[in-house]
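Shown next, in structure tokens, is the structure this report addresses.
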Amino acid sequence: MNLIELQQTLRERVRAAAADKFGVELEQVPAEVPPRTELGDLAFPVAFELAKRIKQSTGEKRNPRAIAEELRRELESTEEVARVEVAGAGYLNLFFDRARMLSRLAESPAVEVGVAEESAADERPKRMVEHTSVNPNKAAHIGHLRNSVIGDTFVRILRAAGELTEVHNYIDNTGVQVADVVVGFVHLERMTLEDVRALDASLKEDYPFDYYCWDLYARVGLFYRGGDPDSKEDPERLKLRVETLHALEEGDNPTAALADYVATRIVNCHLDTMSRLGIKYDLLPRESEVLHFLWSHAFERMKASGAIRFEAEGRNKGCWVMPMETHESSDEHEADKVIVRSNGTVTYTGKDIAYQLWKLGQVELDFYFKPFRTDSEAHTVWMTTSNAGEASPSAPHFGDGATVYNVIDSRQSYPQEVVKRGVAAVAPQVGEGASVHLSYEMVALSPAAAEELGLELSTDERSRTFVEMSGRRGLGVKADDLIDRLEENEYREVEERHPSLSEERKREVAHTLAVSALRYFLLKWTRNSVIVFDFKEAQTTTGESGPYCLYAAVRANSIFRKLQTGELEGARRLVSSADTDTSARITQVFEGELGGELWALTTLAGRLAEVLAQAASAAEPSHLARYALSLAQSFNTVYNRRENRVLEEKDAVRRAVLISVFDYVRKQLTSALDTLGIEVPERM
RNA sequence: GCACCCGUAGCUCAGUUGGAUAGAGCGUCUGACUACGAAUCAGAAGGUCGCAAGUUCGAGUCUUGCCGGGUGCACCA
């Protein structure tokens with residue numbers, strides 16, 4: 001039995017007792033963790049609610065404390081509960097049987113991360129998570145990292161909470177951004193597909209293809225503005241973009257072939273970048289297939305359901321639009337959203353509705369799938385394809401999700417709202433609840449970080465609290481540069497502390513620490529908070545950081561390396577023995593200030609499953625990040641006390657309790673960190 | 001103008017479906033190592049939770065109004 005199950009049992013008891021003794025049917029029984037351990041392990045503030053309900057139904061005024069007293073006896077008969085106190089105005093405070101709980105917790109299996117792989121017989125509703133979705137025309141930047149890390153961590157949380165997931169990284173391979181880079185290659189550099197291939201092959205490791213495109217894209221932007229970054233775009237030059245875009249949508253021509261080469265190459269670069277952070281995908285759905293396979297079918301459904309209408313006159317004459325009544329229109333802004341332009345092309349929002357309908361199993365047509373690439377751990381990521389000849393018969397069953405989570409920055413909340421409404425209008429049976437916009441705020445840089453990455457700042461910018469990224473000003477940080485920098489910083493620390501490690505090991509540890517610093521930094525804030533990246537803050541070991549959490553786990557592990565063989569098993573046997581004398585002595589270990597602190601650590605470690613469930617339902621990875629930190633903090637506090645030194649402990653029972661608690665804590669902490677995508681190294 | 005998000009300690013932020021004395025980190029000050037790993041820990045100082053009403057046994061949390069900040073409102077994505 002874990003804490004969640006016990007809580008559930010106790011809730012049921014309270015509910016039954018309320019019905020039995022007071023004739024009140026409670027829909028839910030809120031439970032909470034008391035503010036201090038002295039007040040117990042679990043509290044039910046249920047007597048207040050009952051007093052109110054009794055008064056409502058019978059008019060009789062009952063004192064909450066008296067009600068709590070009556071419920072007390074009911075709860076005390078539970079095996080795991082040592083005693084119950086009525087406190088304050090009527091709180092029911094429960095104290096667990098510490099010896100019994102320790103043996104239960106010590107036996108419980110660790111939360112398993114990522115093992116809940118799908119199988120053909122899996123009946124669980126599928127949670128679709130789309131994240132990353134970076135335009136495949138240049139290197140990924142720091143803002144994309146927040147998207148990917150939030151998305152990937154959310155996937156890990158869902159899996160750890162027992163859910164079935166499918167991870168998508170949408171590839172907009174026929175959009176404006178790809179077209180612009182193609183304009184650069186074709187019109188600025190006068191290159192053919194063969195030239196681009198040759199160029200790609202000639203590029204060195206420190207300036208790869210995605211970096212090249214990053215610069216080329218900036219040059220194209222400048223070209224559209226006639227060479228002046230502050231002037232307007234020249235309509236004549238923009239015609240090249242439109243021509244290119246048309247060629248991409250038509251397909252089967254040299255321009256489209258070049259675009260396909262660029263997009264596919266950049267997708268590979270993005271996958272490489274994300275893979276450095278342990279991020280993987282199941283499927284790469286491409287816009288080209290959404291257009292070819294889904295659009296016409298989805299369009300018919302949208303028309304048939306009345307979700308969209310044709311405008312015969314007015315501002316949107318000739319367009320198919322989705323009416324948005326709740327948004328007031330004004331002279332300047334039309335509230336209705338255009339889905340199909342008057343020239344017959346589809347807007348991004350239109351394609352997104354079609355794609356979302358497919359993800360939810362509401363469009364019957366299907367794509368072809370081909371394996372795109374397989375990583376070192378034999379995980380294959382698939383890609384959609386229009387070419388039936390490439391279709392793999394062994395492709396997994398994609399789509400047919402029950403819920404869709406789209407990790408997209410908060411600036412796109414309006415179009416996401418349109419998509420949600422559109423889907424619900426076409427498929428009322430899935431409704432709006434099936435579409436979740438997992439929005440997050442932007443990432444800026446601290447002035448110190450910007451300068452560390454080689455950006456030139458004005459004196460004004462240097463004095464501000466953060467520097468905003470700006471593509472136009474060239475103020476941008478490539479994800480790989482950022483990760484490189486983090487790894488270099490950590491490498492210096494590792495070299496100083498463990499000069500005897502092999503070069504390879506040092507690099508490995510530095511990499512692990514860098515990933516922990518970056519992922520933790522991106523995850524510790526709630527999603528709707530703007531974050532300011534700073535190397536010092538991310539890589540500190542004394543504050544709220546990944547390395548701090550790792551240090552606690554590494555220290556815990558080092559104890560177990562020094563224990564005698566079999567001692568851990570012996571300790572487990574001792575704490576799980578039913579012997580009343582032993583359990584009395586175990587209970588004693590948890591008494592007093594020192595024991596209370598140890599007990600608080602134990603119950604905190606026991607809350608992982610509960611935290612995972614909350615993080616999953618709130619779609620908020622920062623809950624888990626905060627939990628990991630507090631567990632690491634509590635462990636460090638307990639660990640630091642001289643009285644708690646395991647290896648010096650002479651009393652056999654106390655030693656066994658310390659071993660069991662620390663073993664449980666390190667397991668829970670490791671699971672929590674694993675779920676955050678942070679791996680615990682042997683040394684650091 | 002309309003919609004969404006945010007105002008909590010000097011700074012940056014947490015705060016579960018409304019619950020007990022509002023918490024962290026940084027910064028400041030004072031302490032603890034020939035170490036089960038000090039990349040750590042302990043202690044101190046620091047708050048009219050933007051303002052004002054309302055609902056409630058109970059409000060940082062819910063409602064309304066105001067003040068202040070951010071974002072979005074294309075036949076771009």
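Residue numbers begin at 1 in each chain, while the letters A, B, ... track the order of the sequences. This is a predicted model, so every value here is computed, not measured.
Comparing U16(B) with C62(B), their P atoms are spaced 9 Å from each other, to the whole Å. Between the P atoms of A45(B) and A24(B), the separation comes to 13 Å (whole Å).
Arg519(A) and Thr153(A) are linked by a side-chain donor-acceptor pair at a separation below 3.5 angstrom, with hydrogens and angles left out of the test. Using a 3.5 Å distance cut-off with no hydrogens or angles, the side chains of Asp534(A) and Ser446(A) do pair a donor with an acceptor. With hydrogens and angles left out, the side-chain atoms of Asn406(A) and Gln412(A) include no donor and acceptor closer than 3.5 Å.
Of the candidate nucleotides C36(B), C75(B), C41(B), C36(B) has the atom nearest to the side chain of Phe662(A). When each of A77(B), G25(B), A14(B) is scored by its nearest atom to the side-chain atoms of Gln633(A), the top-ranked nucleotide is G25(B). Which of A20(B), C36(B), A14(B) sits closest to the side chain of Asn93(A) comes down to A20(B).
Thr542(A) comes within contact range of the sugar-phosphate backbone alone, with a heavy-atom separation under 4.0 Å but no base atom that close. Counting any heavy atom pair closer than 4.0 Å across all strands shown, Ser410(A) reaches no nucleic acid atom. Residue Pro64(A) is out of contact with every strand shown, counting any heavy-atom pair closer than 4.0 Å. Residue-level contact check: Val554(A) touches the bases, meaning some heavy atom is under 4.0 Å from a base atom. Among the heavy atoms of the strands lying under 4.0 Å from Ala43(A) is at least one base atom, whether or not backbone atoms are also near. Heavy atoms of Lys61(A) sit nowhere under 4.0 angstrom from any nucleic acid atom. Note on Gln416(A): nothing from the nucleic acid sits closer than 4.0 angstrom, heavy atoms only. Counting any heavy atom pair closer than 4.0 Å across all strands shown, Met684(A) reaches a base atom.
In this structure, the NZ atom of Lys317(A) is 21 Å from the P atom of A74(B), given to the nearest Å. Spacing between atom OH of Tyr414(A) and atom P of A74(B) amounts to 8 Å, rounded to whole angstrom units. To the nearest angstrom, P of A59(B) lies 13 Å from CZ of Phe48(A). In this entry the distance linking CG of Leu50(A) with P of C57(B) reads 15 Å, nearest Å. As rounded to whole Å, 21 Å separates atom P of G70(B) from atom OH of Tyr440(A). Going from atom CD of Gln539(A) over to atom C1' of C26(B) covers 16 Å, rounded to whole Å. Atoms CZ (Arg555(A)) and C1' (C36(B)) sit 10 Å apart, rounded to a whole Å. The distance from atom CG of Leu42(A) to atom P of G19(B) is 15 Å, rounded to the nearest whole Å.
Nucleotide G60(B) forms a pair with no other nucleotide shown, judged by Watson-Crick or G-U wobble geometry with both contacts under 3.5 Å. The base-pairing partner of U16(B), taking Watson-Crick or G-U wobble contacts with both distances under 3.5 Å, does not exist among the strands shown. Pair check for A44(B) finds U28(B); Watson-Crick or G-U wobble, both atom distances under 3.5 Å. Nucleotide G65(B) has C51(B) as its partner under the Watson-Crick or G-U criteria, with both atom distances under 3.5 Å. Across the strands present, C75(B) finds no partner; the criterion is a Watson-Crick or G-U wobble pair with both atom distances under 3.5 angstrom. Nucleotide U21(B) has no partner under the Watson-Crick or G-U criteria, as no pair reaches both atom distances under 3.5 Å.
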Kindly indicate, with the supporting measurements, whether the criterion salt bridge (charged side-chain N to carboxylate O under 4.0 Å, His left out) is fulfilled by Arg237(A) and Asp234(A).
CA-CA 5 Å; Arg237(A) 295 186 173 192; Asp234(A) 174 4; 3.8 Å; yes
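Note on Tyr520(A): every side-chain N or O is 4.0 Å or more away from OP1 and OP2 of G25(B). In terms of phosphate contacts, Ser558(A) brings a side-chain nitrogen or oxygen within less than 4.0 Å of OP1 or OP2 of G37(B).
Nearer to the 5' terminus of RNA chain B, by closest-nucleotide assignment, is the contact made by Gly88(A) (compared with the other of Gln177(A) and Gly88(A)). Along RNA chain B, the nucleotide nearest Val346(A) and the nucleotide nearest Ile559(A) are compared for position; the residue whose nucleotide lies closer to the 5' end is Ile559(A).
Residues from residues 639-652 of chain A placing a heavy atom under 4.0 Å of any atom in RNA chain B, listed by number, are Tyr639(A), Asn640(A), Asn644(A), Arg645(A), Val646(A), Leu647(A).
Judged by distance alone, with hydrogens and angles left aside, Asp336(A) brings no side-chain donor or acceptor close enough to the base of A74(B) to form a pair under 3.5 Å. For a distance-only test at 3.5 Å, the side chain of Ser342(A) qualifies as a donor-acceptor partner of the base of C75(B). For Arg497(A) and A39(B), a side-chain-to-base donor-acceptor distance below 3.5 Å is present, hydrogens and geometry of angles not being considered.
Residue-nucleotide stacking is present for Tyr91(A) and A20(B), judged by a side-chain ring centre under 5.5 Å from the six-membered base ring centre and planes under 30° apart.
For the pair Glu597(A) and Arg641(A), the salt-bridge criterion is met [side-chain N within less than 4.0 Å of a carboxylate O]. Taking a cutoff of 4.0 Å between a charged side-chain nitrogen and a carboxylate oxygen, Arg53(A) and Glu49(A) qualify as a salt bridge. Ion pair Lys351(A)/Glu287(A) flagged as a salt bridge, since at least one NZ, NE, NH1 or NH2 atom sits closer than 4.0 Å to an Asp/Glu carboxylate oxygen.
For Arg666(A) and Phe560(A), the positive end sits near the middle of the six-membered ring, less than 6.0 Å away and at most 45° from its axis.
We find the CH2-CZ distance between Trp525(A) and Arg626(A) to be 7.5 Å, quoted to the nearest 0.5 Å.
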Output one line per pair: protein atom, nucleotide atom from nucleotides 15-18 of chain B, and distance, for all N/O pairs under 3.5 Å.
| unit_1 | atom_1 | unit_2 | atom_2 | d |
| --- | --- | --- | --- | --- |
| U16(B) | O2 | Gln614(A) | OE1 | 2.7 |
| U16(B) | O2 | Gln614(A) | NE2 | 2.6 |
| U17(B) | O2 | Gln28(A) | OE1 | 3.4 |
| U17(B) | O4 | Ala31(A) | O | 3.4 |

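Closest approach of Gly40(A) and Pro34(A) over heavy atoms only: O-CG, 3.4 Å. The minimum heavy-atom distance between Phe635(A) and Ala552(A), with the atom names listed, is CE2-O, 3.4 Å. Of all the heavy atoms in Glu490(A) and Ala517(A), the pair that sits closest is OE2-CB, 4.4 Å.
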